[in-house]
Amino acid sequence: MSNIYIDGIGGFDGGEYSEIRIDGIGKCLGSFRSDCLLVDGAFHCRGNIDTVFFECNGNMDIWGDLSADKMEIDGMLNIQGCNRLEANCICCEGAISISGHIMTDIMVKRADINGALSVRGNGKIEGDEIYCDGALHIEGQISADIVSIDGIVTAREIVGDIITIDSFAKPPPVFGACSVIGTIEATNIELSGVTARTVNGSNIVIGPGCRISSIDCNGTLSIDRSSIVNKITGNYTRI
Amino acid sequence: MYLISKKDLLALTGISYGQLYRWKRQRLIPEEWFIKRPSYTGQETFFPREQILSRINSILEGKDKYSLEQLAQLFSPDAVNNTISFEMLSSISEINLRLLPIIKAEYGKTEYKIFDLALLEAISRTSEKPGVSEENAHSLVRKAASLQSKPYGQTYTAFSAGGSMYIVLTRDCEQLQFDRSIKVIDTHSLRELAGKLNIKYRSFFKNF
């Protein structure tokens, strides 16, 4: 298989390659498969991408689906018109923005979002483990065995086994910003600085600065004095 | 169709939120079974009672023998191409042995797909219901033979009208309403029956 290196300005139509390296400004007009995709400059792709390793330190726009074994995003990745983003491992120190008029499903084994991830539309993120040290915004659902967020998250629904959200772990980017979530459902839940409509779980710890409309707990429940909870139901033990 | 709330489901089966959502992600529980309805807390999730309880039982029974990926394969519509020979039908205890001659005559084939088996199991169960004669069961097999090429992600309902018995197949989660002159005799999720048959008789199937 051949390689593609773009140092100045160039483009290709798609196909199958071993390594694609964009150090200048590149454009691809179709779908491609590759073993390795490295973007240090700017790259625009109007097709689906299937690659084993994907690293973006520059700026990249994709109009299509993306599948990778490992993704490292240190720059800026914009995805539009994507039905599905699939990866074993996503490590984002930069920013990933998914927008467009169609619903995007993100399937991942493990995601480490230390920068920002924004998903517009009613899409969802599914994975085994999702860690976030920055900001995560999704208009749909996050579902994972472990969801651990030390930062700000907005989502319609977060469900899983262990959910920990600490909005006070980092200085908020805007004064007074906190995580806003519709429904949180998990076996074990620990929240700080979270506003949520419904929290359902077995073992729930409501830390400082939370505003929760309704809690349904069937295990142990602890609520910090500074938090406001309107309604509690279930067969729980207060600790 | 009877529904069960998520809260009641977890209490009844003893599974956790984590397990429920893991199984959903693994496609062991179809997304369309999560039915959202408005409630006083905003929104509540319900499930088709019979299907979800049967599926969770199957998962709990099978999870020590198979990995979750294997179980997902067994419940997947892709398993629809698994076939079994007519001679092996007699080894499937879920199929009424008395129906075998009529099955052979009406289906007239040597290989049976998992959909056929699920349908025949459903008819066998119906044949054991009070008031269902052997002739009624034979007539159901005759009618079922014309349905053999359909996918199995469906609900089977056997009903009687004007002294005869009929089968109707609907998509899972769809509710059937009959007038009073029609009596529903039996209903089963073919997907559930097929999943259980796949697990129990895995070694019998070709193409697996």
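Within residues 180-192 of chain A, the residues having any heavy atom under 4.5 Å from a heavy atom of chain B are, by residue number, Glu185(A), Ala186(A), Thr187(A). Contacts between residues 155-165 of chain A and chain B, counted as heavy-atom pairs separated by less than 4.5 Å, involve Arg156(A), Glu157(A), Val159(A), Gly160(A), Asp161(A).
Heavy atoms from other residues, nucleotides or ligands lying under 6.0 Å from NZ of Lys109(A) number 12 at most. For Arg142(B), the CZ atom counts as densely surrounded, since its 6.0 Å shell holds more than 12 non-hydrogen atoms of other residues, nucleotides or ligands. More than 12 non-hydrogen atoms from other residues, nucleotides or ligands lie less than 6.0 angstrom from CZ of Arg110(A).
Gln141(A) CD to Tyr21(B) OH: the interatomic distance, rounded to the nearest 0.5 Å, is 6.5 Å. Atom NZ of Lys7(B) is separated from atom CG of Asn200(A) by 8.0 Å, given to the nearest 0.5 angstrom. Rounded to the nearest 0.5 Å, atoms CD (Gln26(B)) and CG (Asp128(A)) are 7.5 Å apart.
Heavy-atom pairs under 4.5 Å with chain B peak, among Gly127(A), Ser213(A), Gly234(A), at Gly127(A). When each of Asn218(A), Asn235(A), Asp145(A) is checked for heavy-atom pairs under 4.5 Å with chain B, Asp145(A) comes out on top.
With a threshold of 4.5 angstrom between heavy atoms, Ser143(A) approaches chain B through its backbone and through its side chain.
Counting heavy atoms from C-beta outward, Lys124(A) and Arg25(B) have side chains that stay 4.5 Å or more apart.
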Full working for salt bridge (Lys or Arg N to Asp or Glu O under 4.0 Å) between Glu126(A) and Arg27(B): CA-CA 12 Å; Glu126(A) 287 192 352; Arg27(B) 312 290 179 252; 3.3 Å; yes

